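Shown next, in structure tokens, is the structure this report addresses.
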Amino acid sequence: MSRSKYMVGNWKMNQSVKEIKEFFDQVEIGSSGNFWLAPQSIHIGLCLQGGQAKGIQVGAQNCSDKVEGAYTGELSPTALLDFGCKFTLVGHSERRSINKERNSLLRSKTLVALAAGLKVIFCVGETLEEREMGMTEAVIRYQLEAGLLGLPESDKKNLIIAYEPVWAIGTGKTASAEQAEKAHSFIRTHLGENMGYDGEQLIILYGGSVKPSNVEELLSCPNIDGGLVGGASLKPADYSSLCRAAAKQS
Ligand code: PEP
């Protein structure tokens, strides 16, 4: 079966109001598809307005593992859904390394966000050291098992995986299409055969220096269902061309 392709921008802690307005003035995708953006939370409202006219859905880069209450500075998944968000990232490598988010916390966030009705893009990936030690599959397997254990059956369809080798994020180094395809195939098989997911339906995104010059080759791999893109998604021309590439291969 063929799955349609996704293009998800992760703007991290970038963009001003002026830059966002210019982005939505200039972005031109030209067809409908799964085109998503995750801005800083303070910019979600602005992006919801801008995205509506351009067929771009909006989500968060992170959310709380609590629904509501006395959690100063946190971002509620139910509030995100209520505000119009479609998804949240969970477990981006920058949250894992800088904010020291552990798999148990990531699992709680995933459970709560899915229960709230958001789609979750759950990020996994190995460091360069782990890859060089031949541990890529072991690391991914552990992150999947510890982070996704016991998800309710009914929520599994709302889970998306992003394979993001840490050594390729923001470095300009992209995993080769062959390296990425191998990891994606492993993820699909492991979740399908050992963790009760519908492997054929599961969406698995690749992230790590995706740009217009490498996107077509990556998206042509049978197990790569789209991109999770940082740097290139900030530029309207590049994001437009990434989305058009995804639409073409859908
Ligand atoms: C990311 O932020 O998830 C990412 C993959 O960044 P970049 O595309 O800049 O490597």
Side-chain angles (χ1 to χ4, degrees), residues 5-15 19-20 23 27 34-41 43-44 47 56-63 75 85-99 101 106 109-110 113 119-128 130-131 136 139-140 143-144 147 159-177 179-181 183-184 187 203-219 221 223-246:
K5 305 274 183 189
Y6 286 63
M7 199 49 62
V8 183
N10 171 17
W11 280 358
K12 312 195 187 192
M13 206 167 73
N14 294 302
Q15 304 286 61
E19 286 167 332
I20 294 174
F23 179 93
V27 76
N34 303 302
F35 311 132
W36 298 0
L37 276 179
Q40 302 185 62
S41 52
H43 292 145
I44 286 174
C47 290
I56 298 170
Q57 310 255 21
V58 179
Q61 298 171 13
N62 177 42
C63 74
L75 195 56
C85 285
K86 189 177 179 79
F87 71 95
T88 183
L89 307 185
V90 172
H92 189 281
S93 72
E94 287 150 17
R95 303 281 324 166
R96 290 178 186 264
S97 64
I98 301 167
N99 300 81
E101 295 192 355
L106 301 178
K109 289 187 180 203
T110 302
K119 290 188 182 284
V120 168
I121 301 179
F122 187 83
C123 307
V124 298
E126 79 289 358
T127 62
L128 185 58
E130 289 164 342
R131 172 165 283 268
T136 299
V139 168
I140 297 172
Q143 290 171 335
L144 293 173
L159 184 79
I160 292 171
I161 303 294
Y163 168 61
E164 298 205 301
V166 178
W167 49 272
I169 299 178
T171 59
K173 278 188 200 162
T174 318
S176 66
Q179 285 170 322
E181 170 61 17
H184 281 232
I187 292 168
I203 300 297
I204 310 176
L205 311 178
Y206 168 76
S209 301
V210 175
K211 42 191 179 268
S213 60
N214 60 22
V215 70
E216 295 210 3
E217 189 187 5
L218 287 161
L219 293 185
C221 297
N223 285 294
I224 299 183
D225 304 315
L228 176 55
V229 189
S233 72
L234 293 163
K235 300 175 206 139
D238 284 1
Y239 181 74
S240 303
S241 115
L242 295 171
C243 290
R244 283 197 296 267

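Atoms within a ligand are numbered from 1 in the order they appear, just like the ligands themselves. Every value quoted in this text rests on a predicted model; they were computed, and no experiment measured them. For reference, positions follow the sequence shown, starting with 1.
Looking at atom 10 (O) of ligand 1, its nearest protein heavy atom turns out to be Gly170 N, 2.6 Å. From the protein, the heavy atom lying nearest to atom 1 (C) of ligand 1 is His92 NE2, 3.3 Å. Here the protein heavy atom with the shortest distance to atom 8 (O) of ligand 1 is Gly230 N, 2.8 Å. Looking only at protein heavy atoms, the nearest one to atom 3 (O) of ligand 1 is Glu164 OE2, 2.6 Å. Summary of contacts: the protein heavy atom closest to atom 9 (O) of ligand 1 is Gly231 N, 2.9 Å. Of all protein heavy atoms, the one closest to atom 2 (O) of ligand 1 is Lys12 CE, 2.6 Å.
Here Ala168 has backbone heavy atoms under 4.0 Å from ligand 1, and that is the only part of it that gets that close. The part of Asn10 lying near ligand 1 is the side chain, judged by heavy-atom distances below 4.0 Å. Residue Glu94 does not touch ligand 1, judged by heavy-atom distances below 4.0 Å.
Partner of Met7 under the side-chain contact (heavy atoms from CB on, under 4.5 Å) criterion, out of Leu205, Leu219, Leu37: Leu219 alone.
Interface atoms of ligand 1 facing Ser209, defined by a heavy-atom separation under 4.0 Å, are 7 (P), 8 (O), 10 (O). Residue contact check: Gly208 has heavy atoms under 4.0 Å from atoms 5 (C), 10 (O) of ligand 1.
Around CD of Glu217, the count of heavy atoms belonging to other residues, nucleotides or ligands within 6.0 Å does not exceed 12.
Closest heavy-atom contact between Thr88 and Ala113: CG2-CB, 3.9 Å. Minimum interatomic distance between Ile169 and Ser93 (heavy atoms only, all atoms of both residues): CD1-OG, 3.3 Å.
Using a 4.5 Å heavy-atom cutoff, the side chains of Ile204 and Asn223 are not in contact.
Ring planes of Tyr6 and Trp36: perpendicular class, angle over 60° (limits at 30 and 60°). Using the six-membered ring where Trp is involved, Phe23 and Trp11 have ring planes that are perpendicular, over 60° apart on the 30 and 60° scheme.
Atom NZ in Lys109 sits 3.5 Å away from atom CG in Asn62 (nearest 0.5 Å).
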